[in-house]
There are 2 protein chains.
Amino acid sequence: MKKKVSIKDIAAQLNISITTVSLILNGKSKQVGLSEAQTERVLKYVEEIGYKPNMLAKSLRTGKTKIICLLIEDIADPFFSTVAAHVEELLNQHGYKIIYGSTKNQTAKAIELIDLFRDRHVDGFIICPPEGLESDITGLLNERIPLVLFDRYYKTIDTDTVIVDNLESACKAVNYLIEHNYKNIGFVTLDSEQTQMQDRLQGYEKAITDHGFTSYIKKLSFSKVNQTGIDDIVQFLTENPQIDALFFGTNYLTLKGIEALDRLELSIPGNMGVISFDDHDVFKLFKPGITAMAQPISQISEQMVNLLLEQIDSTEADRKRKKIIVPAIIRIRQSSVTKTDN
Amino acid sequence: MKKKVSIKDIAAQLNISITTVSLILNGKSKQVGLSEAQTERVLKYVEEIGYKPNMLAKSLRTGKTKIICLLIEDIADPFFSTVAAHVEELLNQHGYKIIYGSTKNQTAKAIELIDLFRDRHVDGFIICPPEGLESDITGLLNERIPLVLFDRYYKTIDTDTVIVDNLESACKAVNYLIEHNYKNIGFVTLDSEQTQMQDRLQGYEKAITDHGFTSYIKKLSFSKVNQTGIDDIVQFLTENPQIDALFFGTNYLTLKGIEALDRLELSIPGNMGVISFDDHDVFKLFKPGITAMAQPISQISEQMVNLLLEQIDSTEADRKRKKIIVPAIIRIRQSSVTKTDN
DNA sequence: TCTTGCTACGCAAACGATGTAGTAAATTAT
DNA sequence: ATAATTTACTACATCGTTTGCGTAGCAAGA
C-alpha cells in the first residue's frame with residue numbers, strides 16, 4: 001500500500017542533503033564530523049518511519065551483496081543439508097546471507113549455477129565440486145572471487161579447501177572391522193575420480209594389504225545408485241559369498257547396502273559386519289545400530305566459513321591458500337561389527 | 001583479471017548508442033524497428049566477448065529480481081528439503097532462482113528472514129509459516145508481494161495456500177489401525193495451535209469417537225522434541241499401558257516413538273501398531289517397515305509454484321485467492337500395523 | 001517546395017544508494 | 001584585522017541498466 005521510501009524522501013522531509021542522511025546511516029557521522037543533534041534527528045526519523053535502504057542500489061554502488069553462495073551436491077541429503085544449516089548459522093552471525101544450489105553432482109548443472117550466482121554478484125562461494133569444474137573454478141579465482149572448496153578438491157588447482165582425512169579414516173574403519181575378526185571385507189564405493197572417493201579407496205586398500213587380505217571392490221555409478229544400487233550390491237555379494245563384512249564409501253550407499261542385506265536375509269553383524277563412511281541420523285535407529293566414520297560437520301562448517309571470511313577481509317594480493325584437514329570421528333554403535341559366530 | 005565489461009563498453013566498441021544495445025539484448029529490436037544487420041552485429045559481438053548484464057543494475061531499474069524466497073521449517077528435515085528440491089527445479093524452469101531460509105518454526109527467526117528477503121527485493125515468497133506471523137504476512141499482502149503459504153495457514157488471513165487434507169488423512173490413518181484390530185490408539189502430536197496439527201488432531205478424534213473408543217493424546221513441545229521427546233513418549237506409554245497402537249503427528253515424532261518403543265522393548269506390530277503422518281525415506285528400511293500417510297511432495301510443490309506464478313503474472317488488482325487441498329497418500333508397509341496376537 | 005510518414009536510431013532521466021571533493025560559516029591563530 | 005583552521009554540511013558524479021521521448025534522414029504525396 002504505502003509507497004517505498006528512499007533516502008531522497010528522508011532528505012527532503014528533514015530538509016537536509018542526501019549525503020548527510022547516507023553518512024549518518026552508515027555510522028560515519030563522527031568520522032566526518034556531523035553534529036550530534038543532526039545525527040540523532042535523522043536516526044530518530046528513520047526509525048520512526050521504518051526506513052530500510054534498498055540493497056540493490058547499495059550493492060550496485062558498493063559492489064558488495066553480503067550474500068554467499070553455497071553449492072552442494074543435494075540439499076535433500078542429510079550431510080549436505082546439515083552443512084547448509086551450520087554454514088547459514090555461522091554466516092548469518094557475520095551479516096551474510098546464503099543462497100544455495102544443488103548440483104546433483106552434475107558438471108553442467110554446477111557450471112550453470114556458478115554462472116548464475118556470479119551474475120548475481122555474490123560475495124563468495126563455498127563449493128562441493130563435481131568432476132570437471134576445473135576451468136570454472138580457475139575462472140572464479142582469476143576474478144578474485146572468494147572461494148572455498150570442501151569435501152573434495154582438484155589436485156591441479158591451488159584453492160582454499162576443507163576436507164576430512166579420508167584415507168586415514170577409511171583405513172581406520174577397515175581396521176576396526178579387522179579387529180573384530182572379519183577377514184573378507186568388501187568395499188562398496190562410487191565409480192568416481194573425485195579425491196574423497198579415491199582417498200577412501202586407498203585407505204581401504206592400505207588396510208587390506210597391511211593385513212595381507214584380499215580386496216573386494218564394487219564401484220557403483222553415482223547416477224544409478226537409486227535405480228540399480230540394491231541389485232548391484234546383491235549381485236556383488238552373490239558373486240563373492242566369502243565376504244563377511246562391508247565397508248561403504250558413503251552413507252547413502254550404506255542405506256542401499258542395508259536393503260540388499262535385507263533382501264539376501266543376511267543379518268548384521270552375524271552374517272555381515274557393516275561400517276559406513278559418513279554418518280546418518282537414522283543409523284542409530286537401526287537394530288543393530290550402524291557404526292560409522294562421521295564427518296564432524298560443525299567443525300567443517302566453521303573452518304569453511306573462517307577461510308571464506310579470511311579471503312573476503314584479506315587485502316594482500318597473494319594470500320597463501322590453505323588446505324584444512326579435519327579428522328573424522330568413529331561412532332561405534334553396539335554390535336554392527338561384532339561377529340557372533342566367533 | 002579481465003575487467004567487467006558493461007553495456008556502455010559494448011556501445012562504445014560498436015559505435016552505437018547504449019539504448020540500441022539494450023534494446024537488442026532485450027529482444028525488442030523487432031518491436032522498435034532496429035535493422036537486422038545491426039541486431040546481428042550486436043548479438044554476435046556480445047556472444048563473442050561473453051558479456052553478461054549486471055543483474056543488480058537491471059533489478060534496480062526494473063524492480064524485478066527473478067528470485068523467489070522459500071521459507072521452511074528446517075532445510076535438514078527430509079520433507080522440507082525435498083520440497084525445496086522440487087520447488088527449485090520447477091522455478092528454475094521459469095527462470096527463477098530460489099533463496100531459502102530455515103525458520104526452525106520460530107516466529108522471531110521467520111520475521112527476520114522475511115524482512116531480510118523483502119529487503120533483497122525477492123519477487124515472491126513461498127512460506128511454511130510458524131505461529132504468530134499474521135501481521136507480517138498481512139504486510140506482504142499489502143505490499144502486493146506474491147505469496148503462497150503451505151503446510152499450514154492462518155484462518156484469519158485470506159492467502160493462496162497449499163495443504164494436504166490433514167483431517168481426512170489423519171482419520172484414515174487411525175481407521176487403518178482400527179481395521180487391523182487395534183483398540184486403544186494413542187496420538188502423539190505437537191503442542192501446537194497450527195492448523196495442520198489441529199486438523200490432524202481432529203481427524204484422530206473423529207475416528208476415535210466414530211468407533212466409540214477412548215482417546216489417548218500426548219502433546220510434545222516442538223522445541224523440546226529432540227531433548228525429552230523419547231522420555232515423554234516412554235512416560236506416556238508407561239502411564240497408559242493399555243495403549244496398543246500409536247499414531248504419530250509427524251515423521252520426526254515417529255522416529256522418537258520408535259526409539260521409545262525400543263527402550264520399552266515393545267515390538268512393532270506385535271506389542272504396538274504404528275502409523276506415521278508424513279513419510280520418511282528410512283521408514284521403508286526399518287523392520288518392519290513403518291506405514292505412513294505421505295504428503296505428495298511433487299504435487300504440493302507444483303501447486304505452490306503455479307499459484308505463485310499466477311500471482312506474479314496476474315494484472316488484475318483483485319485476483320481471487322485460492323486454497324488448494326491435495327490428498328495425502330497412505331503408504332502401507334508390511335506388518336507395521338498387523339497385530340500378531342490376534 | 002513543403003509537409004507527412006517511415007525507418008533506425010540516440011539523449012538523458014530515472015532506479016537508490018555511496019563517496020569524493022568542495023564550501024560557507026564560525027572559530028581560532030597571528 | 002586578516003589568514004588559517006575547524007565545523008557541519010552539500011553538490012555532483014557514479015554504479016549499469018531501462019525507457020520515454022526525440023530526431024535525423026529519406027522517400028513519397030500534395
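Every chain is numbered from 1, with letters handed out A, B, ... down the list of sequences. Only a predicted model underlies this, so the values are computations on that prediction, with no experimental measurement involved. Scope of the values below: all heavy atoms of this structure, side chains included, with no hydrogens, waters or symmetry mates.
- Using a 4.0 Å cut-off, no side-chain N or O of A:Lys4 falls inside it from OP1 or OP2 of C:dG16.
- With B:Asp160 as reference, B:Gln311 is the one residue of B:Lys322, B:Gln311, B:Lys320, B:Gln303 to meet the side-chain hydrogen bond (donor to acceptor under 3.5 Å, both in side chains) rule.
- When the side-chain nitrogen and oxygen atoms of A:Thr62 are compared with OP1 and OP2 of C:dA17, none of them lie within a distance under 4.0 Å.
- When the nearest nucleotides of DNA chain C are assigned to A:Lys58 and B:Asn15 by heavy-atom distance, the more 5′-ward of the two goes with B:Asn15.
- Counted within 6.0 Å of CD on B:Glu40, heavy atoms from surrounding residues, nucleotides or ligands total 12 or fewer; the atom is thus considered open.
- The pair A:Lys155-A:Glu134 does not meet the salt-bridge criterion, since no charged nitrogen lies less than 4.0 angstrom from a carboxylate oxygen.
- B:Ser22 comes within contact range of at least one nucleobase, with a heavy-atom separation under 4.0 Å.
- Proximity of B:Ser17 to the phosphate of C:dG10: a side-chain N or O atom is located under 4.0 Å from OP1 or OP2.
- At a threshold of 4.5 Å between non-hydrogen side-chain atoms, the residues B:Ser102 and B:Glu73 do not count as touching.
- Between B:Gln31 atom CD and D:dT19 atom P there is a gap of 10 Å when expressed in whole angstrom units.
- The phosphate of C:dC9 has OP1 or OP2 within less than 4.0 Å of a side-chain N or O from B:Gln38.
- If you take CE of A:Met55 and P of C:dA17, they are 10 Å apart, rounded to a whole angstrom.
- Atom NZ of B:Lys66 and atom P of D:dT17 are 18 Å apart (whole Å).
- The phosphate of C:dC9 has neither OP1 nor OP2 within less than 4.0 Å of any side-chain N or O from B:Thr20.
- Using a 4.0 Å cut-off, some side-chain N or O of A:Lys8 falls inside it from OP1 or OP2 of C:dC15.
- Nearest-nucleotide assignment on DNA chain D puts the 5′-proximal partner with A:Leu60, out of B:Asn26 and A:Leu60.
- Each of D:dT17, D:dT10, C:dG16 was ranked by its minimum atom distance to the side chain of B:Tyr51; first place goes to D:dT17.
- Each of C:dA17, C:dA8, D:dG16 was ranked by its minimum atom distance to the side chain of B:Leu34; first place goes to C:dA8.
- When rounded to the nearest whole Å, the span between NZ of B:Lys64 and C1' of C:dC15 equals 14 Å.
- Separating the CZ atom of A:Arg120 from the P atom of D:dT17 is a distance of 13 Å, rounded to the nearest angstrom.
- Taking 4.0 Å as the cut-off between side-chain N and carboxylate O, B:Asp74 and B:Lys104 count as a salt-bridged pair.
- Legend: residues meeting side chain to side chain contact (heavy atoms under 4.5 Å, CB included) with B:Ser22, ordered by chain and number and at least two apart, are B:Ile7.
- For the pair B:Ile24 CD1 and D:dT17 C1', the computed distance is 15 Å after rounding to whole Å.
- Contact of A:Thr19 with C:dG19 (side chain to base): a donor-acceptor pair of N or O atoms is detected under 3.5 Å.
- When rounded to the nearest whole Å, the span between NZ of B:Lys28 and C1' of D:dT17 equals 12 Å.
- Separating the CG atom of A:Asn54 from the C1' atom of C:dG16 is a distance of 6 Å, rounded to the nearest angstrom.
- Residue B:Ile16 is in sugar-phosphate contact alone, with no base atom involved, counting any heavy-atom pair closer than 4.0 Å across all strands shown.
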